[in-house]
Asker: 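Structure below; questions to follow.
Here is how names work: the chains are called A, B, and so on, in the same order as the sequence lines, proteins then strands, and each is numbered from 1. Bear in mind that the values here come from a model prediction, so they are computed numbers and not experimental data.
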4 protein chains.
Amino acid sequence: MTFTDSASDSGKSATRERILDAAAEVFATKGYHSSVVDDIVHDSNTSKGAVYFHFPSKQEIFLALVSRLADTLIRSTQDAIMEQQDGLAKFDAALGTVFEALSRHRALAKILLVSGAGLGRPFDEHLFNLLDRFAGMIKDNLDEAIAAGSIQQMDTSIVAYAWLGAVHEIVTRWLYTGKPDPLETAVPTLRILLLGSVGLPIGTAGR
Amino acid sequence: MTFTDSASDSGKSATRERILDAAAEVFATKGYHSSVVDDIVHDSNTSKGAVYFHFPSKQEIFLALVSRLADTLIRSTQDAIMEQQDGLAKFDAALGTVFEALSRHRALAKILLVSGAGLGRPFDEHLFNLLDRFAGMIKDNLDEAIAAGSIQQMDTSIVAYAWLGAVHEIVTRWLYTGKPDPLETAVPTLRILLLGSVGLPIGTAGR
Amino acid sequence: MTFTDSASDSGKSATRERILDAAAEVFATKGYHSSVVDDIVHDSNTSKGAVYFHFPSKQEIFLALVSRLADTLIRSTQDAIMEQQDGLAKFDAALGTVFEALSRHRALAKILLVSGAGLGRPFDEHLFNLLDRFAGMIKDNLDEAIAAGSIQQMDTSIVAYAWLGAVHEIVTRWLYTGKPDPLETAVPTLRILLLGSVGLPIGTAGR
Amino acid sequence: MTFTDSASDSGKSATRERILDAAAEVFATKGYHSSVVDDIVHDSNTSKGAVYFHFPSKQEIFLALVSRLADTLIRSTQDAIMEQQDGLAKFDAALGTVFEALSRHRALAKILLVSGAGLGRPFDEHLFNLLDRFAGMIKDNLDEAIAAGSIQQMDTSIVAYAWLGAVHEIVTRWLYTGKPDPLETAVPTLRILLLGSVGLPIGTAGR
DNA sequence: GATGAATGAGATTTCATTCAT
DNA sequence: AATGAATGAAATCTCATTCAT
């Protein structure tokens with residue numbers, strides 16, 4: 001999966017894509033508020049008019065960008081999960097996909113996880129919904145595992161957010177400090193942690 | 001502990017405190033960038049001149065606020081830990097203190113955890129150091145537990161961040177959605193999760 | 001008379017007419033400056049290219065519209081006058097025609113009387129010429145009446161503008177407030193006023 | 001009376017007055033839309049910040065200006081009326097005052113009568129209320145005259161607007177063409193017209 | 001210490017007009 | 001004739017910061 005691919009949007013204007021690509025670069029580098037629309041105009045080799053023809057406001061550019069990134073990430077994670085049969089294998093596939101994708105596209109990951117935080121109502125809401133979709137995915141799989149008797153009864157909602165938070169924090173830390181390098185180094189420990197947290201015997205066959 | 005208390009700053013100007021209090025409220029409500037200095041001036045019943053007499057810039061107001069909050073939170077957590085002998089008791093005391101403090105001061109918690117993220121260099125650095133101090137505390141205690149043989153060898157750095165992230169996410173979620181209500185409801189589940197994640201037998205004798 | 005008819009422009013493009021119709025609606029509703037070309041494009045179900053193919057500029061659309069309206073209004077008023085022999089009957093016919101026409105086409109009346117005022121040189125000049133033609137009509141008829149000895153000598157130029165202004169103000173008031181309802185209600189009073197203002201005995205036999 | 005005097009506003013900021021004065025000049029010269037805030041900033045020798053400190057928007061500057069002008073004009077007209085006992089003398093005083101004031105301050109008259117027309121909702125409404133106050137003044141005096149038996153019963157509301165319109169049009173014409181020169185030349189004819197329109201015997205002793 | 005009017009660089013957004021297709 | 005994406009000059013407004021009082 002490519003994470004940035006927009007190949008499927010065959011009908012999308014090339015200019016629109018150029019603008020989004022430039023915006024991704026700019027926002028990731030300077031953060032939302034320090035980025036000015038003129039930067040995007042310049043980097044996209046378009047014009048102010050073109051930008052405002054395709055997007056009603058700077059905010060909407062950012063939000064469109066976040067949506068595009070999140071959609072891709074969520075979709076590929078779901079695909080990876082569905083390719084596996086076993087519950088543990090699903091877990092491993094999801095964790096691996098997410099870390100690999102974020103690791104490969106550090107700039108975009110920054111936009112998704114960091115740039116938009118603390119920006120006020122509309123941004124937070126948007127970002128929240130996205131993380132919620134991830135949390136929902138985790139919760140669904142945990143509920144299945146409980147139904148299958150693999151793990152014992154618990155408040156899966158809390159667990160889902162805790163897991164999300166753990167991943168989020170480690171990735172964020174990596175985004176800022178570059179450690180661990182490479183990001184994927186954290187996966188084995190994290191795997192043990194997360195599985196252990198729901199009482200799963202680890203090491204078992206593991207990977 | 002009061003978390004907002006500035007009792008020890010016996011020599012500090014009352015105006016300065018009024019400004020910080022107003023700033024806390026404003027930043028928590030609107031986020032850093034959406035808050036304008038005039039809001040703080042207005043809410044603090046002072047004047048623009050007064051604000052700039054006490055603080056060199058808007059940024060410094062925010063940073064001062066964050067420092068004040070974090071210092072108090074960290075100190076009271078450490079105090080709570082030191083009051084306990086047993087490792088498990090220390091853990092419970094820390095978790096309880098943090099959740100209680102954040103729960104009691106929702107607005108301030110919001111500033112500490114979300115308002116400042118993604119704001120660019122100086123902010124992030126500041127905020128990061130704070131979280132790092134917490135992570136350090138966690139790591140130290142985990143290392144002790146390993147040395148004591150209570151838990152097995154692992155990358156305690158990753159674990160510390162994962163724990164931090166889990167707590168962070170759950171509190172953040174509560175800040176936005178109000179759930180769980182009250183926040184402390186999440187503690188038991190979270191306790192099991194965190195302890196379980198490092199392989200500690202739980203439920204057993206509980207506390 | 002139809003006031004909006006462009007039947008005589010048998011060779012004119014249907015698109016051009018669609019644009020003018022939409023422009024009339026838009027300008028009347030929002031005024032000149034608040035109307036954007038895109039509004040006209042949208043309402044006329046044409047395209048930006050089409051609009052700029054038929055008109056060199058936004059300004060010219062407005063001017064064309066005003067001209068079309070004024071020509072029709074002036075022509076039908078003159079026709080109504082010519083159908084009458086008696087001076088008093090001519091006056092009544094003119095007053096009736098104008099009020100009836102404006103009353104029937106409120107939106108267009110608004111464009112003619114208010115939308116274009118205070119817009120700067122080219123507009124004002126254009127609009128002025130129109131009102132001048134009306135004033136000229138009034139003046140000519142007054143001069144005739146003086147020559148015929150029906151009314152006494154006076155500065156007919158001032159009178160013409162005063163009459164025009166009286167009508168203009170009452171119609172404008174109606175455009176904004178909807179009163180009097182219907183507009184024609186004002187005619188009898190206005191008739192007495194205008195005739196009385198030049199010393200004509202009124203009430204006499206009415207008409 | 002000075003029409004522009006702001007002597008009585010002893011508490012008003014000098015900067016605010018400078019801005020309003022500059023705005024008057026600019027708006028009168030170029031019209032509302034062709035005037036840019038930077039013009040006002042420049043001509044007032046202040047700064048953009050100062051302008052927006054005293055007025056929330058360009059629109060409000062204009063509206064404040066119109067109000068200031070209208071207040072002064074209405075007040076001095078009322079004063080002039082109250083100084084007279086006789087009904088006819090009141091009429092003459094009012095007509096004289098208005099024409100003299102407008103004649104003396106052509107630029108401001110332009111703002112009051114022309115610049116704001118056709119600018120859209122908020123402007124029109126404002127301007128309307130102002131003219132309404134004048135119409136009210138006229139109507140009140142006419143009603144008194146009817147009560148006193150000086151003139152016969154009639155729809156004084158229509159008459160008030162017709163009179164207003166007559167004056168408005170003649171002044172507007174003068175503003176654009178400079179004729180009649182001086183403006184006051186029109187007064188005698190207008191006097192005969194207006195009085196005659198309500199059936200008052202004129203010429204009688206004249207004035 | 002405190003006040004609040006003043007500053008001005010700079011940001012976002014608008015929209016009449018053009019032009020390749 | 002018609003389309004609509006693209007252009008870019010220009011406009012309004014924001015707001016952190018300064019400074020005379």
Side-chain angles (χ1 to χ4, degrees), chain A residues 13-16 18-19 33-42 44-61, chain B residues 13-16 18-19 32-42 44-62, chain C residues 13-16 18-19 32-42 44-62, chain D residues 13-16 18-19 33-42 44-61:
Chain A
S13 138
T15 301
R16 192 191 146 96
R18 284 228 307 285
I19 292 168
H33 270 110
S34 303
S35 303
V36 299
V37 176
D38 273 326
D39 291 340
I40 300 173
V41 168
H42 179 260
S44 63
N45 269 113
T46 59
S47 66
K48 214 164 246 182
V51 169
Y52 279 91
F53 178 80
H54 288 287
F55 300 93
S57 66
K58 178 187 174 185
Q59 188 174 119
E60 288 298 323
I61 301 174
Chain B
S13 135
T15 301
R16 192 191 145 92
R18 283 228 306 285
I19 292 168
Y32 180 79
H33 267 112
S34 301
S35 302
V36 300
V37 175
D38 274 322
D39 290 340
I40 299 172
V41 168
H42 179 261
S44 63
N45 273 111
T46 59
S47 68
K48 217 138 187 192
V51 168
Y52 277 91
F53 176 81
H54 288 285
F55 299 92
S57 68
K58 178 188 176 186
Q59 193 174 115
E60 288 299 325
I61 301 174
F62 185 82
Chain C
S13 136
T15 299
R16 191 190 147 94
R18 285 228 305 286
I19 293 168
Y32 180 79
H33 268 111
S34 301
S35 301
V36 299
V37 176
D38 273 322
D39 289 339
I40 299 172
V41 168
H42 179 261
S44 63
N45 272 110
T46 58
S47 68
K48 217 137 185 193
V51 167
Y52 277 88
F53 176 81
H54 288 287
F55 300 92
S57 70
K58 179 188 176 185
Q59 190 174 117
E60 288 298 324
I61 301 175
F62 185 81
Chain D
S13 135
T15 302
R16 192 191 146 95
R18 286 230 304 286
I19 293 169
H33 270 108
S34 301
S35 303
V36 300
V37 175
D38 274 327
D39 291 340
I40 299 173
V41 168
H42 179 262
S44 64
N45 269 110
T46 59
S47 66
K48 209 167 253 181
V51 168
Y52 278 92
F53 177 80
H54 287 287
F55 301 93
S57 66
K58 177 187 174 187
Q59 190 174 116
E60 289 296 324
I61 302 174

Asker: To the nearest Å, how far apart are F55(A) CZ and dA6(F) C1'?
Answerer: 15 Å
Asker: In whole Å, I'd like the distance from the CG atom of N45(B) to the P atom of dG4(E).
Answerer: 11 Å
Asker: Enter the distance from R16(B):CZ to F53(B):CZ here, rounded to the nearest 0.5 Å.
Answerer: 11.0 Å
Asker: Ignoring hydrogens, what is the shortest heavy-atom contact between A50(C) and T15(C)? Give both atom names and the distance.
Answerer: CB-CG2, 4.3 Å
Asker: Whom does dA10(F) pair with, Watson-Crick or G-U wobble, provided both distances fall under 3.5 Å?
Answerer: dT13(E)
Asker: Which heavy-atom pair separates S44(A) from T46(A) by the least distance, and what is that distance?
Answerer: OG-OG1, 2.7 Å
Asker: Establish, with yes or no, whether the OP1 or OP2 oxygen of dA2(E) is under 4.0 angstrom from a side-chain nitrogen or oxygen of T15(B).
Answerer: yes
Asker: What distance do F55(C) atom CZ and S57(C) atom OG have between them, rounded to the nearest 0.5 Å?
Answerer: 10.0 Å
Asker: Think S13(D) has a side-chain N or O under 4.0 angstrom from the OP1 or OP2 of dA5(E)?
Answerer: no
Asker: Taking atom P of dA16(E) as reference, at what distance in whole Å does atom CD of E60(C) sit?
Answerer: 15 Å
Asker: Please figure out whether V51(B) or S47(D) has its closest DNA chain E nucleotide nearer the 5' end.
Answerer: V51(B)
Asker: Taking any strand in view, what nucleotide pairs with dT21(F) in a Watson-Crick or G-U wobble way, both distances under 3.5 Å?
Answerer: dA2(E)
Asker: Along nucleotides 10-16 of chain F, 5' to 3', which nucleotides get a B, which get an S, and which get a -, given that the test is a protein heavy-atom distance under 4.0 Å?
Answerer: BSBBBSS
Asker: Heavy-atom nearest nucleotide on DNA chain F for R16(C) versus H54(A): which residue maps closer to 5'?
Answerer: R16(C)
Asker: Could you give the distance from CD1 (I19(B)) to OG (S13(B)), rounded to the nearest 0.5 Å?
Answerer: 7.0 Å
Asker: Can you tell me how far P of dG4(E) sits from CZ of F53(B), to the nearest Å?
Answerer: 16 Å
Asker: As an exercise, state the distance from NE2 of H33(B) to NZ of K58(B), rounded to the nearest 0.5 Å.
Answerer: 6.0 Å
Asker: For the atom pair NZ (K48(C)) and CD1 (I40(C)), what is the distance rounded to the nearest 0.5 Å?
Answerer: 10.5 Å
Asker: Take atom CD1 of I19(B) and atom C1' of dA2(E), then tell me their distance rounded to the nearest Å.
Answerer: 10 Å
Asker: Rounded to the nearest angstrom, tell me the gap between atom CD1 in I61(C) and atom C1' in dA16(E).
Answerer: 10 Å
